[in-house]
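Worksheet for the structure shown next.
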Amino acid sequence: MSANKLFISAFALLCVSQIAFAQKKKKGAEEIIIVKTDTVYVDKKPELPNPKTYRATNTKSNDITHTKLEVKFDWQNQWLFGKATLDIKPYFYPVKKLYLNARGMDIYKVQLVGAKGNSDLKYAYENDSLKIDLDKEYTRNDKYTVFIDYKSKPNELKAGGSQAITDDKGLYFINPKGEDKSKMPQIWTQGETQSNSAWFPTVDSPNEKFTDEIYITVDEKYTTLSNGLLTDSKKNTDGTRTDHWKMDLPHSAYLIMMGIGEFKKVLDAPWKGKEVSYYVEAKYEPYAKNIFGLTPEMIEFFSNRLGTPFAWQKYAQIVARDYVSGAMENTSATLHGEFVYQTERELLDGSKGEDVISHELFHQWFGDLVTAESWSNLSLNESFATYGEYLWQEYKHGVDAADAHSYGSRMGYMMQSSQKDPPLIRFEYQNREDMFDGISYNKGGQILHMLRKQVGDDAFFASLKLYLEKNRFKNAEVHDLRLAFEEVTGEDLNWFFNQWYMTGGHPILDITYSYDDAAKQVKIKVEQKQDFEENPLYKLPVYVDLYFGDGATKTVRREKITVTKVSEEFVFLSDKKPALINFDGEKQLLCIKNENKTTLDYVYQYKNAPKYLDRLEALNQFKDGVGNAAVYEVAQLALNDKMADLRIKAM
């Protein structure tokens, strides 16, 4: 899914080496602690684990090019009555059958649409699959159209879902009979991962993209929202209205959405002529621009930073009641859980939604414009959206704020990794929902930051631009990302992608510093301590900063080293002993490190090293109190740190 369908974060400012074996997950504004326990078997014969299964990208035999839906609703029974017209062509090989996902439906009619009228097709409907016998064999040079008359009954589906997405019935009627006077009746959809096929027949796979249009018939009092543009709204004689929404750019089935209710639509300043709008309940109409008002600036910033303008016809955001996750990046129409609702007074204490809003918006490029071809490659969606939060924080609030946000995300990954730490790109998993975790989100965001530091800003953003342009309105796998970076940089980056994307784990480093006064040499010994049966031997390009002097006389000398061995020593000539040796001066490595620094080293580091993480790392060493005069001095300084969390830590 999407942002933050799962936010895994831990903003407790702990040392990495002291992480508890608990997993923090944050959905929207809610934080849930999940403590893992050992499995207890009650039978004498424990169940054997499922054998590993390679999760291949879905094979494409028939390709849907366009979907037209005509839908109306029975609010009392919580049904959708639908008519679907699908334009299809064989992908490459000739076909005689069409297989569609259709979960828990009543199928009334399946027909081939012809110039002289429709003709019935034979079909079998079982196991949520609609298997249709075509009237003849079609080749890749042919096109055909299928019509399906059906009823969707989402509440009769077997309950499903996961920790990240708590329900998977696709179509939701909220307070449909109006019995709860505190909650506005509404209908909304949730498509990721494979839930939109609960309300319209389709090929429900991320690597199936098509254009669509939806005719939504509702009582006149209701407002509707879907992807693309509202092209027509027609009043009917029975007190209903039919809205025609049209998306004329291809996108994946799971990104199609509907939102229906007595919403108030609030228009913001358009972006380059494209509508920017917010759909909220009447109570929050006065605050809609306070809640979402940074959106136009975000669209402008991301468009410029990526060198790729926002592609879709509009950008709308709607807030749903009883949503089953945090938020969802439906193409051109993001849906948020109600946690983003705040009054102007509540917003004085900070925005609950800013990070989620930036996350879901960044998905409009990474996830919607270019979509992971399989759930195994989910990192191409979620890692980028997570890193989009960093980029926005860096631009809007400064690099310290971005680094603080990133640190919280890193801690979330470290907490999860104490339980499981699979590869970022996973071709083996029990359930596709398992992919929505602190690996795909948190770890992936950290890896993108390391990639940025590895190639430099100019190359990083030029590579992202190339990746987006080459795969625009298409699907991609991780190798497409690597090849874009290689084309821009001229470097072979297999080593980076192999160790960070295709292998699990992270390095554990023991780092020892010394100075040989006789030889005038600074020596740094680095040992990789991770379990090599489960983790690779890492190649780690990293900066080491040597500090000399203090205050106004301070100088910094930067050296670049590349760690490649289990144990190795790096030697630098220096006429005098450094006041501080700062390994990983950019503070970009995703690792656990143990260093032989003294208390006075960390005192110096807080006073002189420039980054938020330098200061945080130092303060984390002083958890035993301020009995030392030098530590007390640092605590006094930290009371005036520009970052509020460090001021709190100092207290």
Pi-cation contact, Phe92 with Arg140 (under 6.0 Å, within 45°): yes

Pair Phe302 and Phe362, ring centroids less than 6.0 Å apart: yes

Cation-aromatic face contact Lys151/Trp79, 6.0 Å, 45 degrees: yes

For Asn207, all residues meeting side chain to side chain donor-acceptor pair (under 3.5 Å), sequence neighbours excluded: Ser205

Lys89/Asp142 under salt bridge (Lys or Arg N to Asp or Glu O under 4.0 Å): CA gap, chis, key distance, verdict: CA-CA 6 Å; Lys89 63 181 183 64; Asp142 297 322; over 6 Å; no

Test item: Pro185 and Trp75 side chains (from C-beta on) under 4.5 Å apart, heavy atoms: yes

Near-ring test Tyr315/Trp271, centroid separation under 6.0 angstrom: no

Heavy atoms of other groups near Lys264 NZ, more than 12 under 6.0 Å: no

Residue pairs passing the ring pair (Phe, Tyr, Trp, His ring centres under 6.0 Å) test where at least one lies in residues 113-170, sequence neighbours excluded: Tyr138-Tyr144

Tyr215 ring center near His244 ring center (under 6.0 Å): yes

Centroid-centroid under 6.0 Å between Phe81 and Trp199 rings: no

Nearest-0.5 Å distance that lies between atom CD in Glu156 and atom CD in Gln78: 10.0 Å

Ring-ring centroid check Phe263 Trp188, cutoff 6.0 Å: no

Modelled atom types, side-chain donor and acceptor of Gln364 and Asp368, under 3.5 Å: yes

Glu433 versus Thr193, side-chain donor and acceptor atoms under 3.5 Å: yes

Any donor-acceptor N/O pair, Asp167 side chain to Lys169 backbone, under 3.5 Å: yes

Pair listing, salt bridge (charged side-chain N to carboxylate O under 4.0 Å, His left out) test, anchored in residues 193-218, at least two apart: none

Close aromatic pair by centroid cut-off 6.0 Å: Phe384 and His363: no

For His479, all residues meeting side chain to side chain donor-acceptor pair (under 3.5 Å), sequence neighbours excluded: none

Sidechain N-carboxylate O distance under 4.0 Å for Glu373, Lys474: no

Trp245: partners by side chain to side chain donor-acceptor pair (under 3.5 Å), with sequence neighbours left out: Thr224

Carboxylate-amine/guanidinium proximity below 4.0 Å for Arg241 and Asp243: yes

Under 3.5 Å, side-chain donor or acceptor atoms of residues 108-116 against the rest of the protein: list the pairs with distances, not counting sequence neighbours.
{"from": "Gln111", "atom 1": "OE1", "to": "Asn118", "atom 2": "ND2", "distance (Å)": "3.1"}
{"from": "Gln111", "atom 1": "NE2", "to": "Asp120", "atom 2": "OD1", "distance (Å)": "3.0"}

Residue pair Ile357 / Met298, side-chain heavy-atom distance below 4.5 Å: yes

Under 3.5 Å side-chain donor-acceptor pair for Thr145 and Asp87: yes

Short N-O contact, Lys122 and Asp133, less than 4.0 angstrom: no

Other residues, nucleotides, ligands: >12 heavy atoms within 6.0 Å of Lys246 NZ: no

Salt-bridge contact Lys265-Glu275 (side-chain N to carboxylate O under 4.0 Å): yes

